[in-house]
Amino acid sequence: MYHVNRMTSKLIEDLNLQQQEAVQLTKGPLLIIAGPGSGKTRVITHRIAYLIRVCGVPPRNIAVVTFTNKAANELKERLHSMLGQDSIGITASTFHSLCARILRHHGSKIGLENTFTIYDDSDQITTIKRSMKELGVDPKHIAPRAIQSAISNAKSQLIETSGFKCESYFDEVVLRVFHRYEELLTLGSGVDFDDLLLKTYSLFKNIPSVAHEYQDRFTYLMIDEFQDTNIAQYEISKQLSDKHHNLCVVGDPDQSIYSWRNADIRNILTFQRDNPDTKVISLEENYRSTQTILDAAQHIISSNKKRIKKSLWTNNGIGYPITIGEGYNENEEADIVLKTIQTLKQKRSILTGQRYTLNDIAIMYRVNAQSRALEDVCLKYSIPYQLIGGIKFYQRQEIRDIIGFLRIVLNPDDDAALSRVINVPARGIGKKTVTGLVQLSMELNLSMFSVIELIDHDSSSEIDAMSHTIKIPNLRSSRSLKTFVEMIKTIQVEADSLNLAKLITIILDRTGYKTYILGDPDRGLERWENIQEFINSTESYLDNSSINTLSEFLESIALVNDIDNLQNQKDTITLITLHQAKGLEFPIVFIIGMEEGLLPHARSMDKESELEEERRLAYVGITRAKERLYLMRAFRRGFRGGSEPSIPSRYLSEIPDNLIDKPSQSSVTRFASTEDTELFNNPSETAGSLNRSSKHRSHTDKHTFAHSVESPELSFRTGDKVIHNAFGEGLVINCVPSGGDFELTVAFKVDHGIKRLLLSLAPIRKVK
DNA sequence: CGCAAGTACCTTTTT
DNA sequence: GGTACTTGCG
């Protein structure tokens with residue numbers, strides 16, 4: 001008993017009261033509302049430690065489901081350092097990985113091959129396009145993406161074709177495509193992301209013995225980021241906890257940012273309704289951010305009308321004011337960010353007293369495309385960066401091709417993969433042949449691979465007889481097809497006794513892919529290096545050389561995002577989308593593109609609910625910052641090649657003045673009056689948010705932020721109108737000290753663009 | 001059939 | 001600005 005108490009107190013001594021309660025309430029349904037920076041992960045790890053060390057629960061009976069694999073891995077690491085050997089056996093994974101594993105074991109009971117292929121986003125689109133083509137649905141009339149999203153929406157609510165309700169013409173089209181899409185998936189033993197959940201749900205529902213097995217396996221279940229779960233995930237957690245009812249869900253409605261992926265925030269309410277004995281604990285002390293940052297975040301989020309009020313507080317100091325920065329366009333914006341980073345490198349953290357490192361810094365943005373300007377400038381300033389997301393490694397053509405071959409080796413019926421690589425490199429199987437093949441496969445209800453096999457041993461005339469309307473590939477094409485199938489079969493036979501690296505090497509060789517890649521004089525070498533890197537990534541699968549390894553490997557590729565593989569080793573800044581930043585924290589955060597149309601995004605401006613989700617996204621971004629926060633915007637932003645004026649985000653005006661350090665007065669107005677009268681076409685935001693004076697500036701911190709330089713000896717300031725002897729009229733958009741001199745950045749009218757000038761040398765004078 | 005050049009549409013966010 | 005798909009020629 002003494003031992004237990006001592007263990008207990010050791011585990012919870014450094015937790016606050018709410019956290020302690022959350023750790024110790026192990027039985028029955030528990031809802032933890034965890035504000036940003038409230039020590040949520042600590043609660044989860046300590047709770048698990050408590051279950052194991054104090055309650056004596058065997059590790060293998062505990063499961064935590066997280067939102068990303070990265071979160072799962074971090075959790076595992078932390079548990080390992082806390083519990084050592086005792087952490088082995090704990091399940092920590094995403095819903096999708098967990099379901100994939102369950103289906104590999106038991107999928108056959110609901111008619112799923114255990115070699116099933118997971119179709120990623122682009123495979124889905126390919127398959128949907130194919131379905132549409134077969135059904136004569138014009139992709140110009142109805143976007144494949146729209147259909148995909150409708151299907152996904154249905155599936156994530158556990159609605160299959162049979163239960164799909166049509167309320168419009170569009171729905172009817174969707175349903176027809178949905179039917180064919182499902183047939184094609186079944187034919188190719190493929191499952192999409194939603195199927196992983198849906199099929200696990202039906203497995204549990206239809207085969208109770210399997211459900212019982214997992215109910216007794218995971219007697220304690222925790223779900224993280226519960227606000228971002230969808231109906232299917234909710235129902236699966238219900239199924240899993242239906243026997244022991246020890247289900248703990250952790251989330252924060254204010255950080256719900258995935259409704260577009262069918263996450264349903266109502267799950268939190270449903271959870272309480274379904275489990276009337278739910279205990280609710282709120283974690284409201286923030287350990288992460290300064291008072292200023294937390295205040296700003298709270299002011300923004302409190303503009304949301306549909307919201308359960310909660311008030312976070314912190315014992316942390318006031319810290320620095322939030323800096324609002326403005327650039328002329330996205331390049332200027334990026335330039336200012338990087339310049340600021342260079343000065344920040346000399347500064348010290350409030351918390352640790354240490355110099356900041358690049359790892360302390362993140363630049364966040366709404367859309368991936370925004371990273372481009374940043375990357376350019378990082379290169380220019382030689383600042384190493386880590387780009388999270390964006391063009392993912394596995395999305396590269398050459399990598400996808402090899403994955404395609406691997407998928408066919410594992411599952412030859414995988415039509416999506418087959419179509420991709422059947423003629424790569426060119427082997428005489430052109431568009432016409434493939435079309436014929438697809439038609440045959442439709443007619444015979446066989447996978448493309450099986451059809452080729454048929455052509456192969458029957459003479460082609462027999463198939464002709466079976467389906468005389470179909471044009472049989474000519475002899476030359478048949479030979480090419482046959483050769484291809486034989487090649488795959490040979491590789492398949494060998495695959496069983498090879499490790500992955502060897503298998504890939506053989507594929508590269510036999511398929512002629514190596515020659516094909518290296519034959520490209522422009523990008524050949526680069527692509528070959530990517531392939532080498534890909535081969536290296538199979539290293540951890542070396543020891544086990546069976547076909548199961550291949551299946552595991554492909555699964556991890558399909559489910560594991562790039563973000564999961566990145567290491568924090570090198571000293572680099574982080575470029576990341578706001579969505580991906582969820583759950584992370586950095587001492588210094590820049591959020592760029594604080595503009596109407598970007599944050600909130602133009603596509604989210606029609607509906608109030610979407611504007612509120614965008615606001616939550618801003619909230620998530622801001623609450624990532626521990627010490628310093630910079631909110632950036634540009635006056636003009638590149639858009640599909642061109643460039644358009646933009647106005648400040650409405651969310652900026654929701655931050656009280658006294659928390660903000662602003663760029664010098666009314667630069668926007670001047671900018672607007674000289675160049676972009678269109679800025680005033682939208683009257684609501686401009687005046688309110690940017691022209692407010694900085695009179696409430698209460699912080700004493702000396703900022704070196706480019707736009708905030710206000711030295712008395714400086715005769716030019718941001719926003720000043722100038723005349724240059726050669727370039728004519730322009731506007732000062734930046735002014736920084738530079739070796740006893742000042743460097744002005746001036747935007748001149750149309751022909752001359754942005755110029756950097758040294759004050760002492762430039763033939764320049766102020767106007768008015 | 002293969003390749004080069006041209007066009008339409010585009011991405012908001014990701015397991 | 002870039003890609004994915006189409007067209008047209010050799």
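Numbered from 1 within each chain, the chains take letters A, B, ... in sequence-line order. What you see is a predicted model, and the numbers here were worked out from it, not measured in a lab. Hydrogens, waters and symmetry mates are skipped; everything else that's a heavy atom, side chains included, is used.
Nucleotide B:dC1 holds its P atom 16 Å from the CZ atom of A:F484, rounded to whole Å. Summarising the geometry, the separation between CH2 on A:W260 and C1' on B:dT11 is reported as 11 Å, rounded to the nearest angstrom. Note: OH (A:Y258) to P (B:dT14) measures 6 Å, nearest angstrom. Summarising the geometry, the separation between CZ on A:R616 and P on B:dT13 is reported as 18 Å, rounded to the nearest angstrom. At whole-Å resolution of the value, CD1 in A:I125 and P in C:dT3 are 18 Å apart. Atom-to-atom, CD1 of A:I422 to P of B:dC1 comes out at 12 Å; the value is rounded to the nearest Å. For A:Q370 and B:dT11, the CD to P distance is 16 Å, given to the nearest whole Å. A straight line from NZ of A:K140 to P of B:dA8 spans 8 Å, rounded to a whole angstrom.
In this structure, A:S604 does not reach the B:dT13 phosphate: none of its side-chain N or O atoms is under 4.0 Å from OP1 or OP2. The shortest distance between the side-chain N/O atoms of A:T577 and the OP1/OP2 oxygens of B:dT14 is below 4.0 Å. Under 4.0 angstrom from either OP1 or OP2 of B:dT13 there lies no side-chain N or O belonging to A:Q580. For B:dG2, the OP1/OP2 oxygens have a side-chain nitrogen or oxygen of A:N423 closer than 4.0 Å. At B:dT14, one or more side-chain N or O atoms of A:N368 fall inside 4.0 Å of OP1 or OP2 (strictly under the cut-off).
You'll find that the side chain of A:T433 is closest to B:dC1, out of C:dA4, B:dC1, B:dT15. The side chain of A:T94 approaches B:dT15 more closely than any other nucleotide in the set B:dT15, C:dT7, C:dA4. If you check B:dT15, B:dT14, C:dG1 against the side chain of A:R372, the one that comes closest is C:dG1. The side chain of A:H579 approaches B:dT13 more closely than any other nucleotide in the set B:dT13, C:dT7, B:dT15.
Between A:E225 and A:K582, at least one side-chain nitrogen of the basic residue sits less than 4.0 Å from a carboxylate oxygen of the acidic one, meeting the salt-bridge criterion. Of the charged side-chain nitrogens involved, none lies within less than 4.0 Å of a carboxylate oxygen, so that A:E134 and A:K129 do not count as a salt-bridged pair. One finds no salt bridge joining A:E552 and A:R104 here, because no Lys/Arg side-chain nitrogen approaches an Asp/Glu carboxylate oxygen to under 4.0 Å. A salt bridge links A:R637 with A:E595; the closest basic N to acidic carboxylate O contact falls under 4.0 Å.
Both A:L617 and A:A143 lie near DNA chain B, and the one whose nearest nucleotide falls closer to the 5' end is A:A143. Along DNA chain B, the nucleotide closest to A:F67 and the one closest to A:R603 are compared, and the more 5′ of them pairs with A:R603.
Residue contacts shown for A:F95 are absent, as no nucleic acid heavy atom lies under 4.0 Å away.
Within the cation-pi definition used here (under 6.0 Å to the ring centroid, within 45° of the axis), A:R407 qualifies as a partner of A:Y119.
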